[in-house]
Amino acid sequence: MKEKVMLTGVRPSGNLTLGNYLGAIKNFVDKQGTYDSYIFIADLHAITSPKNPQKLKAAIYDCVAMYLACGVDPKKTIIFKQSDVLEHGTLGFIMTFQTKMGELNRMTQFKSKSQAQHKEGVDTGLFIYPTLMVADILLYNTSIVPVGKDQQQHVELTRDLAERFNKRYGETFFMPDVYITPIGNKILNLQNPLEKMNKSDNGNNKGTIFLMDDIEVAKRKIMCAKTDSLGKVHFDEENQLGISNLMSILSKITGEDFESIEKRFDGKGYGEFKKEVAEVVANLLTEIQTKFNRYRDINLLDEILLNGAKQAQPTASETLKRAKKALGL
Ligand code: ATP
Ligand code: MG
């Protein structure tokens, strides 16, 4: 057993995007093997956006196959489905009771996602899901959580609640840290760079690169990305959000730093720059899609999930036992 634990998850709420890959999955893959690594399919979280059951089931398999296609290695990482490990629900329930309404009200994800639901009333699930995320993280004694910037606040909530619980009931939970890399932590919508790229709640798919996008379609999305009239390939998140976003995508995929990109494109037009970004993204997607098609085999995926749940459950169970004992349950 390695000393430290890394854990992350994605909601099977739609097709995975370049944002999910660059903001969370890539960072996880780069570090798997140096930590005790867990990656899960956050299927309980997916029911905060109601879906047809067949579609949800397919999205869950797609998500596992996509993890594998992105480089998650079942020999180095425990891959499991959240709803297979019942401890998530119980500890989530317990952690909800450690949380103030005001704390959940302050969550920016709740604020932005609840706006879209206002007409029919806001679901309780959307309000309390961060406390389930708290449980997801605490159950495995996690030390680092690779996520995008949008989830940082939820990891901070996890720390607050773990600390509160430990103070009230005695040392029970391990304190996790968020793991966010400076580049690619918030990939923006290509058509509206004021918003992040999302896999769901996206009426207009032109601004989102899905990992399963047709390669030509994906290239066109990059070529049509909103930029500015300054005509200089320069990293400036104040005045050149669109260009800066494309630079982040390029840099995160190839490892080239901003200075070097700026130098290479000095005096050249946006067309040439976008063409290179489009090529790099196209190559990445081609590689991922080839692997995805190989791994999208239900028997193989069921076996991985079954094994993963078996391996994950004992640790989750121990933590839950500790929490119940601390509470006097
Ligand atoms: P949804 O609309 O369903 O919330 P999402 O794209 O936000 O879709 P999540 O399942 O909520 O996906 O998040 C999975 C992981 O991907 C999280 O770690 C999240 O921080 C990260 N992530 C999501 N979108 C981006 C983005 N645009 N840039 C960087 N990271 C992202
Ligand atoms: Mg999200």
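One-based numbering, in listed order, for ligands and for the atoms of each. Fair warning: this is a prediction, and the values are worked out from it, not measured in the lab.
If you take OG1 on Thr142 and OH on Tyr35, they are separated by 11.5 Å, rounding to the nearest 0.5 Å. Rounded to the nearest 0.5 Å, atoms CD (Gln152) and NZ (Lys186) are 11.5 Å apart. Between the CD1 atom of Ile304 and the OH atom of Tyr61 there is a distance of 11.5 Å, given to the nearest 0.5 Å.
Set against the non-hydrogen atoms of Val147, the atoms of ligand 1 under 4.0 Å away are 18 (O), 20 (O). Within the listing of ligand 1, atoms 18 (O), 19 (C), 20 (O), 21 (C), 30 (N) sit less than 4.0 angstrom from a heavy atom of Gly148. Short contacts between ligand 1 and Ser13, defined as distances under 4.0 Å to a heavy atom of the residue, involve ligand atoms 3 (O). Near Asn185, meaning under 4.0 Å from any of its heavy atoms, are these atoms of ligand 1: 28 (N), 29 (C), 30 (N). Atoms of ligand 1 found under 4.0 Å from any heavy atom of Gln151 (numbered from 1 in listed order, with element): 17 (C), 19 (C), 20 (O). Of all the atoms in ligand 1, the ones that sit under 4.0 Å from a non-hydrogen atom of Gly184 are 29 (C).
Taking the six-membered ring for Trp and thresholds of 30 and 60 degrees, Tyr38 and Phe80 have ring planes more than 60 degrees apart, a perpendicular arrangement. Taking the six-membered ring for Trp and thresholds of 30 and 60 degrees, His88 and Tyr140 have ring planes inclined between 30 and 60 degrees apart. Using the six-membered ring where Trp is involved, Phe273 and Phe265 have ring planes that are perpendicular, over 60° apart on the 30 and 60° scheme.
Hydrophobic clustering, defined by side-chain heavy atoms of Ile, Leu, Val, Met, Phe, Trp and Tyr closer than 4.5 Å, leaves Leu306 isolated from every other such residue.
Using a 4.0 Å cut-off between heavy atoms, Asp150 contacts ligand 1 through its side chain alone, with no backbone atom that close. By the criterion of a heavy-atom distance under 4.0 Å, the side chain of Lys113, and not its backbone, is placed next to ligand 1. At a heavy-atom cutoff of 4.0 Å, ligand 1 is contacted by the backbone of Lys186 but not by its side chain.
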Exercise. Passes side-chain contact (heavy atoms from CB on, under 4.5 Å), Thr208 versus Lys199? Steps please.
Worked result: CA-CA 8 Å; Thr208 305; Lys199 78 168 108 62; over 6 Å; no
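The shortest heavy-atom distance from Ala46 to ligand 1 is not under 4.0 Å.
A side-chain donor-acceptor contact under 3.5 Å links Asn239 and Asp236.
Considering backbone and side-chain N/O atoms, Met197 comes within less than 3.5 Å of an N/O atom of ligand 1. Between Ile187 and ligand 1, at least one pair of N/O atoms sits closer than 3.5 Å. Any N or O atom pair closer than 3.5 Å counts here, and Ala24 shares no such pair with ligand 1.
Comparing Lys26, Gln152, Lys196 by heavy-atom distance to atom 24 (N) of ligand 1, the nearest is Lys196. Among Asn20, Ile25, Ile41, Thr8, the residue whose heavy atom lies closest to atom 6 (O) of ligand 1 is Asn20.
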Using atom types as modelled, flag every donor-acceptor pair under 3.5 Å from a side chain in residues 321-329 to any protein atom, sequence neighbours excluded.
residue, atom, partner, partner atom, Å
Arg322, NE, Thr172, O, 3.0
Arg322, NH2, Asn141, OD1, 3.1
Arg322, NH2, Thr172, O, 3.0

